[in-house]
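Numbered from 1 within each chain, the chains take letters A, B, ... in sequence-line order.
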Protein chains: 2
Amino acid sequence: MSRKPTEQGTGRPGIRQVAELAGVGIASVSRVLSGQPGSSTQLTERVLEAARQLGYAPNVLAQSLRRRTTQSIGFVCADITNPLLSSIVAGAESALSSAGYSVLVTNSGGVAAYEAERIKALLQRQVDGLILLPALENDPATLAALRSATVPIVVIDRTMPADLGAHGVLSDHEAGLGEATRHLLRLGHRRLGLAVGRHVRPSRERVRGVEAGYRALGLEPDLMVDSGMLSVEHGENAMERFLSDPRPPTAVLLGGIQLLEGALRAVRRRGLRLGDQLSLVCCDDSPLSRFHDPPVSTVHRDTALLGRRAAETLLAQIERPAPSEPLVLPTWFEARGSCGPAPAAAASTSVAAPPARRRSRKRAET
Amino acid sequence: MSRKPTEQGTGRPGIRQVAELAGVGIASVSRVLSGQPGSSTQLTERVLEAARQLGYAPNVLAQSLRRRTTQSIGFVCADITNPLLSSIVAGAESALSSAGYSVLVTNSGGVAAYEAERIKALLQRQVDGLILLPALENDPATLAALRSATVPIVVIDRTMPADLGAHGVLSDHEAGLGEATRHLLRLGHRRLGLAVGRHVRPSRERVRGVEAGYRALGLEPDLMVDSGMLSVEHGENAMERFLSDPRPPTAVLLGGIQLLEGALRAVRRRGLRLGDQLSLVCCDDSPLSRFHDPPVSTVHRDTALLGRRAAETLLAQIERPAPSEPLVLPTWFEARGSCGPAPAAAASTSVAAPPARRRSRKRAET
DNA sequence: TTGAAAGCGTTACCAC
DNA sequence: GTGGTAACGCTTTCAA
């Protein structure tokens, strides 16, 4: 050894320091510490002891550069602030970090331009995979960024162009809304309002679910759809629009929890009693839905599971890439007090009345 | 060139490919692409063109290894699922990624053992700094992990041992609870209930705030404190405990949004009318608080700002480490319908009555 | 102004 | 079994 390369004055100890202290070769240290077989117990122990003594921790950056895998994945999310999304993120993070992966989270705030940038940045950081919960399904910049990826991609609740080769983990929104719709129809409602987002799979599915619900009971859909940006304001506006229609729906379905507060505001302003004068269903549960008086009927799903499945799908694809069918997770309807018989219609249709619900509010005071 | 090292069959182009295509040295490519001055326009253009043509994107891993900075930070959070925390994360993420940093988020789920592990993992990934929102303030494993860090640490809303050298970004919980308390006292309440978490700064501060509120009006604190794990169940149990006390408080303060749903459950079960028979204040706003009937009085704070300030503090410390005073952000009280005059007490004390609130519910029906 | 070469801290291939 | 040593893909002296 004619020349010591790195004197490593301060700074954390490197693998060389360990090797030196243990009096072994640097390669042996690497072998022992990364748990590869084929080292004598002798050597193994000396290395371990030296590492412990120096408080050595490997530099993952260098490992990743060499091993060509970073054990990290990127999670691109439109809005972590949304409790639904954050629970998806949490579900995924938990599964991923149990598997030894780190998660790089980026919050695009729904701005498509950012989204593409963040995706590129993650790719340059050499993430081993990507989980996406994008605002849009067809933003050209985002798609371009994704196309340049060579790592597996899992998309949650979105349908991206097939040529991306992305793997899907989806919620079966159609089923839940079908259930909800049939419930409402059996209560005698005939005209429904539905507020949804724009240009994303869940919105399309929800519309289809409601229409399917009508057809399942042999009825022709009589549906007002309002699509917007899924905000509190959107909720309020949509509800206003529904209620001021010449032929207003007697029941409204909200395709997103962000709509609830605004919608309730409009309902309250009009002094309408939910479950009586107007029935309401909201997609995804929340404390507000559970605790509102009356509680708001809900189309449920397990969001943490959605995140976990996305993580598992990604890990499987990282391990062994292969084409895959989208994974579809269930959605189910829970009737609560916000749904009641249609106001003026005493079940005059041929459809069977629903099993009597436990509510029995005096409907006086109107 | 006697030997071509990397033939780079497939895989993404490296800096060498760019250099070769541009017919320049590898160092020049580096210089041009990282925007260093001192390259002829000639060369610059050829490099840029070649890079564009190959779709070259630098490998951040290699850059980081060489530059000894990863432009990434770690965010350790007890529970992203909590809307408050997720909005803090979002605030920080936004500031950090604008500054070109990536954020590694880990969700400890409040399990201290995980927390320490995740911190170590982040450190091995050579993050340039750490933002912490830990479950506990004094977990030995977590502290040990943190002590081994050589990068700046910012702690949000926690007081960690001083020898850590961590920088603090805090909320002034004491002020908000003082305000709330004075409001309640002026309404004639004399005995208050306070539910808080365990062993964390916000809880201590909240207790102090309430006590200070009493003293500010020349009163001796008459306070029931219930500390627990800040869950829905905790909220329910605490409220039950308060209400079944031989001398029950006439107003309750909840030190955390997670408590609200449970507390309201207990209130409803007892058939108590908020703002009449019982007054209620909750720390941090939520749709449920805003939309409850009556709306729940709230101690507000700007959580996104908290995250942003944490990020800014960290960036400043990364840039130029220096001792710092904790940054304290404001908290303020908003009275809503859930607070009313103390039931049996007709302001018989010397304290001035509050400015009449606009509520005027008929308090019959009891 | 430009380029060769020496690392950054690892891993993995080869000889010994 | 063990230990050189050549990469991994980049940045940064240092000479030219």
- Passing option when A:Asn59 is tested against B:Gln126, B:Arg125, B:Gln124 for side-chain contact (heavy atoms from CB on, under 4.5 Å): B:Gln126
Report all interatomic pairs (protein N or O, nucleotide N or O of nucleotides 12-16 of chain C) with separations under 3.5 Å.
| from | atom 1 | to | atom 2 | distance (Å) |
| --- | --- | --- | --- | --- |
| C:dA12 | OP2 | A:Gln36 | NE2 | 3.4 |

- For B:Gln71 and D:dT11, give me the distance from atom CD to atom P, rounded to whole Å. 12 Å
- Query: Any side-chain N or O of B:Arg68 less than 4.0 Å from the OP1 or OP2 oxygen of C:dG9?
  - Reply: yes
- Task: Assess the side chains of B:Thr303 and B:Ser87: does a donor N or O sit below 3.5 Å from an acceptor N or O?
- Result: yes
- Task: Using a 4.0 Å heavy-atom cut-off across all strands, classify A:Val60 as base, sugar-phosphate, or nothing.
- Result: nothing
- Message: Strictly below 4.0 Å, N to O, side chains only: are A:Arg309 and A:Glu312 in salt-bridge contact?
- Response: yes
- To the nearest angstrom, how far is B:Arg125 atom CZ from C:dG9 atom P? 18 Å
- Message: To check you understand the geometry: which heavy-atom pair defines the closest contact between B:Gln63 and B:Pro58, and what is its length?
- Response: NE2-CB, 3.5 Å
- Message: Quick test of your reading of the model: are B:Arg118 and A:Glu93 salt-bridged, counting only N-O distances below 4.0 Å?
- Response: yes
- Message: Rounded to whole Å, how long is the line connecting atom CG of A:Leu61 with atom P of C:dT11?
- Response: 12 Å
- Task: Could you walk me through whether A:Phe75 and A:Leu104 pass the side-chain contact (heavy atoms from CB on, under 4.5 Å) test, one step at a time?
- Result: CA-CA 6 Å; A:Phe75 200 125; A:Leu104 286 148; over 6 Å; no
- Query: B:Arg12 CZ to D:dC8 C1': how many Å, rounded?
  - Reply: 16 Å
- Rounded to the nearest angstrom, tell me the gap between atom CG in A:Asn59 and atom P in C:dG7. 18 Å
- Task: For B:Leu33 and D:dT11, give me the distance from atom CG to atom P, rounded to whole Å.
- Result: 8 Å
- Item | Residue met sooner reading DNA chain D from 5', once B:Tyr56 and A:Gly38 are mapped to nucleotides | A:Gly38
- Could you state the atom-to-atom distance from CD1 of A:Ile15 to P of D:dG3 in whole Å? 12 Å
- Query: Looking across every strand, which nucleic acid part, if any, lies under 4.0 Å from A:Leu43 by heavy atom: base, sugar-phosphate, or nothing?
  - Reply: sugar-phosphate
- Query: Does A:Lys120 come within less than 4.0 Å of A:Glu117, counting only side-chain N to carboxylate O?
  - Reply: yes
- Message: Rounding to an integer number of Å, can you tell me how far A:Gln63 CD sits from D:dA7 C1'?
- Response: 16 Å
- Message: Heavy atoms from C-beta onward define the side chain here; which of D:dG9, D:dC10, D:dG3 lies closest to that of B:Leu65?
- Response: D:dG9
- Side-chain N or O of A:Ser40 closer than 4.0 Å to phosphate OP1/OP2 of D:dT2: yes
- Task: Would you indicate whether A:Tyr56, at its atom OH, is surrounded by more than 12 heavy atoms from other residues, nucleotides or ligands within a distance under 6.0 Å?
- Result: yes
- Message: If we count only N and O atoms by modelled type, under 3.5 Å, do the side chains of B:His167 and B:Thr313 hold a donor and an acceptor together?
- Response: no
- Rounded to 10°, the helix from C:dT1-D:dA16 to C:dC16-D:dG1 deviates from straight, judged by its five-pair end axes, by 50°
